Amino acid sequence: MDFVSRLQNVDRRIIYILLILVTAVPMISPLNLPLSISPGTTEFFNIVDALEPGDTVLFSLDYAPSGAPDVHPIAAAVMEHLMDKGVNVVSVSFWDAGPMFGEQLMRHYEELGYEYGVHFANLGFVPGQETAIKRFGENVGTVSRDFRGNPVSSLPIMEGIKDTRDFALVIDFVAGNPGIQEWVRQVQGSLGITLLAGSSTVNVPQTMPFVDSGQVKAMLAGLRGAAEYELVMGKPGASVAKMDAQSLGHIVIILFIVVGNIAFFLDKKR
Amino acid sequence: MSISNDIWAWISALGMIAIFSFIFKENPVYRFCEHVFVGASAGYALSVNIKSIVDNAWDPITKEGKLSLLIPVILGILLYARFFKSIAWLSRWSMAYMVGIGSGLSMFGVVNSQLLQQVRSSMLPLNSVNNILMVFGVLSVLLYFFFSVEQKGAVKHGASLGRWLMMITFGVSFGNVVMGRISLLLGAFETILGNWLGLL
């Protein structure tokens with residue numbers, strides 16, 4: 001096999017090893033590559049930053065472990081901002097794995113002295129997909145007990161909250177369906193709530209048309225969105241640290257695509 | 001480097017390494033971890049769903065006397081009738097109810113939010129490059145799917161532009177998929193290098 005043919009048939013294990021190396025090394029010793037802030041992130045930040053202490057925000061945690069590394073950092077960054085501002089957070093999930101991410105977010109702040117039921121609450125999983133989103137959107141009382149088994153009516157944070165219009169904001173952290181489409185179709189359209197999205201990168205093309213039309217006010221996209229949000233907040237954290245690895249990973253993939261194409265055309269020419 | 005003492009950090013990291021071993025070759029350790037993952041996910045989903053039935057149906061019926069909830073419970077149970085040939089037809093009632101509700105809800109939502117609102121947001125004044133791209137992009141893609149006239153002359157050129165724009169869109173989608181997959185890889189490294197080995 002000559003050189004050109006070899007370039008077209010690189011062993012996948014070599015690609016994997018290279019990719020693992022170029023992503024793992026900068027995580028251990030970051031290169032501090034520059035990271036620009038997109039207008040969408042600034043808009044998202046400004047909407048959240050305009051909230052008043054004592055306001056309550058609804059998190060719809062619609063993702064599973066398979067998408068969590070891309071979406072959970074967004075939820076963590078926004079939660080940090082809200083806790084700093086004294087804004088309360090109620091979480092609900094229309095994916096059965098969602099509640100455990102709510103617990104992950106909240107336990108961290110409980111250790112810091114915040115109180116469950118006062119500063120945040122996890123309403124758990126609501127089955128029924130699109131129908132459930134519609135029902136919950138119009139009547140939060142659909143959920144009678146939270147994820148920890150407390151009656152929802154006994155939680156101080158839920159005082160005065162009857163439907164999703166009583167939340168200052170609704171943010172859907174989403175990695176697929178049910179998610180942002182269902183929220184827009186069933187709740188945003190009919191109740192006119194202010195809806196934001198923290199979307200997995202794969203889900204961005206599905207969410208973008210709603211951002212353009214103004215049905216979703218702003219969107220953070222994937223790990224990069226989380227990193228940008230941490231920077232705008234002035235608290236660079238785990239997501240920012242991963243951006244060098246992400247950029248180098250992309251460079252390796254671009255190189256392989258370019259090399260593969262050059263080899264393809266050289267081979268065709270012969 | 002300070003390796004974690006937490007047993008769950010060990011299980012999580014070793015599980016990820018075992019799954020990564022598939023890169024080189026399928027092997028029994030990979031298969032074992034794959035089965036554990038599938039089993040654990042199914043177990044978790046089952047427990048969450050049982051809790052949901054207890055909280056939303058069983059407790060309200062038995063403790064609060066909300067007997068109207070018996071109707072959805074019975075419809076739900078009827079879904080399982082399909083496993084018994086002689087009464088399988090009963091499951092159609094529940095299916096019909098679900099399909100009816102689902103279609104009704106979707107119809108209003110799709111027409112209002114995904115058709116009318118999207119069409120409205122495409123009707124833009126041609127006063128900026130972005131708006132011009134958006135309007136002509138939508139028109140050319142629609143033209144590509146317009147089969148009532150023969151695609152020649154101006155129609156052909158418009159449809160061709162639509163095809164190019166769709167291909168660019170597919171490229172953007174693929175780019176997002178690649179970016180998302182690298183994020184997932186980084187999440188796994190965070191567990192292995194950070195939570196387990198304490199290198200981060």
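Chain A is the first sequence line, chain B the second, and so forth, proteins listed ahead of strands; every chain is numbered from 1. Remember, it's a predicted structure, so these values are computed and weren't measured experimentally.
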Quiz item: Which answer fits Met98(B), side chain, backbone, both or neither, if we ask what part of it has an atom under 4.5 Å from a heavy atom of chain A?
Solution: neither

Quiz item: What are the two closest heavy atoms between Ile182(B) and Thr23(A), and how far apart are they?
Solution: CG2-CG2, 4.4 Å

Quiz item: For the candidates Pro127(A), Ala221(A), Gly222(A), Pro73(A), which exhibits the highest count of non-hydrogen atom pairs separated by less than 4.5 Å from chain B?
Solution: Pro127(A)

Self-check item: Proximal component of Ala97(A), with respect to chain B [non-hydrogen, under 4.5 Å]
Solution: both

Quiz item: Where does Ser29(A) contact chain B at under 4.5 Å (heavy atoms): side chain, backbone, both or neither?
Solution: neither

Quiz item: For Leu105(B), is it the side chain, the backbone, both or neither that has a heavy atom under 4.5 Å from a heavy atom of chain A?
Solution: both

Quiz prompt | Selection from Glu182(A), His72(A), Met100(A), Gln188(A) maximising heavy-atom pairs under 4.5 Å formed with chain B | solution = Met100(A)

Quiz prompt | For the student: nearest non-hydrogen atoms of Ala45(B) and Asp96(A), plus distance | solution = CB-OD2, 3.2 Å

Self-check item: Portion of Val204(A) that has a non-hydrogen atom of chain B nearer than 4.5 angstrom
Solution: side chain

Practice problem: Identify which part of Ser239(A) has an atom lying under 4.5 Å from any heavy atom of chain B, answering side chain, backbone, both or neither. | Solution: neither

Practice problem: Can you tell which part of Lys242(A) gets under 4.5 Å to a heavy atom of chain B, answering side chain, backbone, both or neither? | Solution: both

Exercise. Nearest 0.5 Å please: distance from the CD atom of Gln118(B) over to the OG atom of Ser213(A).
Key: 4.5 Å

Quiz item: When only pairs under 4.5 Å are counted, which of Ser144(A), Pro209(A), Ala245(A) shares the most heavy-atom pairs with chain B?
Solution: Pro209(A)

Quiz item: What's the spacing between Met27(A) CE and Ile192(B) CD1 if we round to 0.5 Å?
Solution: 10.0 Å

Practice problem: Give a yes or no on whether the backbone of Ser113(B) and the side-chain of Gln215(A) come within a donor-acceptor separation of less than 3.5 Å. | Solution: yes

Quiz item: Which heavy atom in Thr142(A) sits nearest to a heavy atom in Asn56(B), and how many Å separate them?
Solution: O-OD1, 3.8 Å

Quiz item: Would Phe125(A) and Asn49(B) count as a side-chain contact (heavy atoms from CB on, under 4.5 Å) if you check the C-alpha gap in whole Å, the side-chain angles of each, and the deciding distance to 0.1 Å?
Solution: CA-CA 8 Å; Phe125(A) 167 60; Asn49(B) 281 289; 3.3 Å; yes

Practice problem: Under 4.5 Å heavy-atom distance to chain A, tell me which part of Ser106(B) shows up: side chain, backbone, both or neither. | Solution: both

Quiz prompt | Among the listed options Asp55(B), Val177(B), Leu184(B), the residue most often paired with chain A at heavy-atom distances under 4.5 Å | solution = Leu184(B)

Quiz item: Where is the tightest heavy-atom contact between Gly180(B) and Val202(A), given as atom of each residue plus distance?
Solution: CA-CG2, 4.5 Å

Quiz item: Using a cut-off of under 4.5 Å for heavy-atom pairs, which of His250(A), Arg145(A), Gln181(A) has the most such pairs with chain B?
Solution: His250(A)

Quiz item: Looking only at heavy atoms, which two atoms of Leu223(A) and Ser183(B) are closest? And how far apart?
Solution: CB-OG, 3.5 Å

Self-check item: Part of Gln246(A) lying under 4.5 Å from any heavy atom of chain B
Solution: both

Quiz item: Based on non-hydrogen pairs under 4.5 Å, which of Glu130(A), Lys134(A), Gln186(A) is most in contact with chain B?
Solution: Gln186(A)

Quiz item: Which answer fits Glu190(B), side chain, backbone, both or neither, if we ask what part of it has an atom under 4.5 Å from a heavy atom of chain A?
Solution: both

Self-check item: Leu185(B) portion near chain A, given a 4.5 angstrom heavy-atom threshold
Solution: side chain

Quiz item: Under the 3.5 angstrom rule, does the side chain of Arg185(A) hit a backbone N or O of Gln114(B) as a donor-acceptor pair?
Solution: no

Exercise. Could you tell me whether the side chain of Ser121(B) and the main chain of Asp212(A) form a donor-acceptor pair under 3.5 Å?
Key: no

Quiz item: Nearest heavy-atom pair of Pro99(A) and Tyr44(B): which atoms, and what distance?
Solution: CD-OH, 4.3 Å

Exercise. Could you have a look at Asp70(A), Asp11(A), Val143(A), Val126(A) and say which one has the most heavy-atom pairs with chain B under 4.5 angstrom?
Key: Asp70(A)

Exercise. With a 4.5 angstrom heavy-atom cut-off, could you sort out which part of Phe24(B) is near chain A: side chain, backbone, both or neither?
Key: both

Quiz item: Does any heavy atom of chain B fall under 4.5 Å from the side chain of Ile17(A), the backbone, both, or neither of them?
Solution: side chain

